[in-house]
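Here the structure is a predicted model, which is why all the values come from computation and not from measurement. Along the sequence shown, residues carry numbers from 1. For ligands, and for the atoms within them, numbers begin at 1 and follow the listed sequence.
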Amino acid sequence: MEVVIVGSPEEAGRLAGGAITSLLANKPGAVLGVATGSSPLPVYADLGRRRQAGELSFAAARAFLLDEYVGLPAGHPQSYRAFIASELEARVDFAPGAVQGPDVADDSEGIPAACERYDADIAAAGGVDIQVLGIGTDGHIGFNEPGSSLGSRTRLKTLTARTRADNARFFAAPEEVPRHVVTQGIGTILDARHIVLLAFGSAKAPAVAAAVEGPVTAMVPASALQLHRHVTVVVDHPAAADLQLAGYYRETYTAKPSWQGL
Ligand code: F6R
């Protein structure tokens with residue numbers, strides 16, 4: 001696991017945006033895994049700038065959302081599908097239909113079958129090349145709350161009161177935050193070839209330290225990332241505050257050979 005401590009979320013956005021740009025240059029049909037929430041916003045802004053500058057194209061690429069609320073009316077501005085449409089798709093040049101999210105509509109097939117189909121669709125697209133992730137203050141990734149199976153696949157989950165309170169800032173009233181979500185499982189996330197986890201601000205410091213330096217445990221779902229062969233954790237100084245090896249991570253990154261990339 002590589003930990004990169006940056007001066008600002010914008011710097012993190014440039015770093016992750018650079019990794020995605022290199023991926024697309026080598027593999028125009030790459031598959032991106034996209035998270036919502038505030039942490040990935042600097043990355044999506046950076047990708048938009050690079051698109052405007054003609055540095056990259058998503059025309060042949062695909063993307064899969066990490067998760068989706070269950071129970072919001074279609075097109076609700078806080079649905080994750082709508083969020084990705086406005087924060088990422090509107091800024092770059094994905095082909096129509098190239099961005100897919102879990103199907104949470106209560107259709108005849110039902111949510112469990114739609115979840116299985118979602119994992120199958122990701123696999124059929126060749127798997128995720130770079131997965132962008134945030135982390136919850138309780139250590140969740142996607143919406144895999146503490147106690148989630150480390151081998152889980154895409155499925156229905158119930159949000160904790162803490163996550164609902166954390167996300168209330170996006171809704172008019174706290175009780176509007178849905179209780180249920182469909183999320184890629186931890187096992188689904190670990191199938192991605194490269195995972196870039198972003199965290200900013202002091203509220204994330206305990207979760208980042210537990211995920212990176214604590215034991216691998218279902219109580220801290222992000223700690224499962226320690227089992228993955230290519231994870232980059234990009235944090236600002238406040239989010240890095242509880243890391244015991246912060247000095248070593250800084251030295252390592254400063255001394256990193258330029259050919260290594262992220
Ligand atoms: C979002 C997601 C969540 C968020 C996490 C952090 O798709 O799956 O795991 O990444 O809750 O949210 P922010 O970035 O808003 O602090």
Nearest-option assignment for atom 13 (P) of ligand 1, heavy atoms, candidates Gly134, Ala222, Ser38: Ser38
Where ligand 1 meets Leu66 - atom numbers and elements under 4.0 angstrom, heavy-atom basis: 8 (O)
Separation of Lys204 NZ from Asp236 CG (nearest 0.5 Å): 10.0 Å
Nearest-contact summary for atom 3 (C) of ligand 1 - protein heavy atom, Å: Gly142 O, 3.5 Å
For atom 6 (C) of ligand 1, the protein heavy atom that lies nearest, with its residue and separation: Ile135 O, 3.4 Å
Single-linkage hydrophobic cluster, 4.5 Å side-chain cutoff, Val231 and Ile186 together: yes
Side chain to side chain contact (heavy atoms under 4.5 Å, CB included), paired with Pro178, selected from Leu159, Val70, Leu72: Leu72
For atom 2 (C) of ligand 1, the protein heavy atom that lies nearest, with its residue and separation: Asp67 OD2, 3.2 Å
Identity and separation of the nearest protein heavy atom to atom 1 (C) of ligand 1: Thr36 OG1, 3.2 Å
Closest candidate by heavy atom, reference atom 14 (O) of ligand 1, pool Ala35, Ser39, Gly37: Ser39
Check: Glu55/Thr21 side-chain N/O donor and acceptor closer than 3.5 Å: no
Atom 5 (C) of ligand 1 [closest protein heavy-atom partner, distance rounded to 0.1 Å]: His140 NE2, 3.4 Å
Charged N-O contact under 4.0 Å between Asp46 and Arg14: no
Geometric class of the Tyr80/Phe143 ring pair [parallel <30°, tilted 30-60°, perpendicular >60°]: parallel
Donor + acceptor pair across side chains of Thr137, Arg162 (<3.5 Å): yes
Any Glu68 heavy atom less than 4.0 Å from ligand 1: no
Asp166 and ligand 1 - part of the residue with a heavy-atom distance under 4.0 Å: neither
Side-chain heavy atoms of Leu47 within contact of Ile20, under 4.5 Å: yes
For atom 12 (O) of ligand 1, closest protein heavy-atom neighbour: Lys204 NZ, 4.2 Å
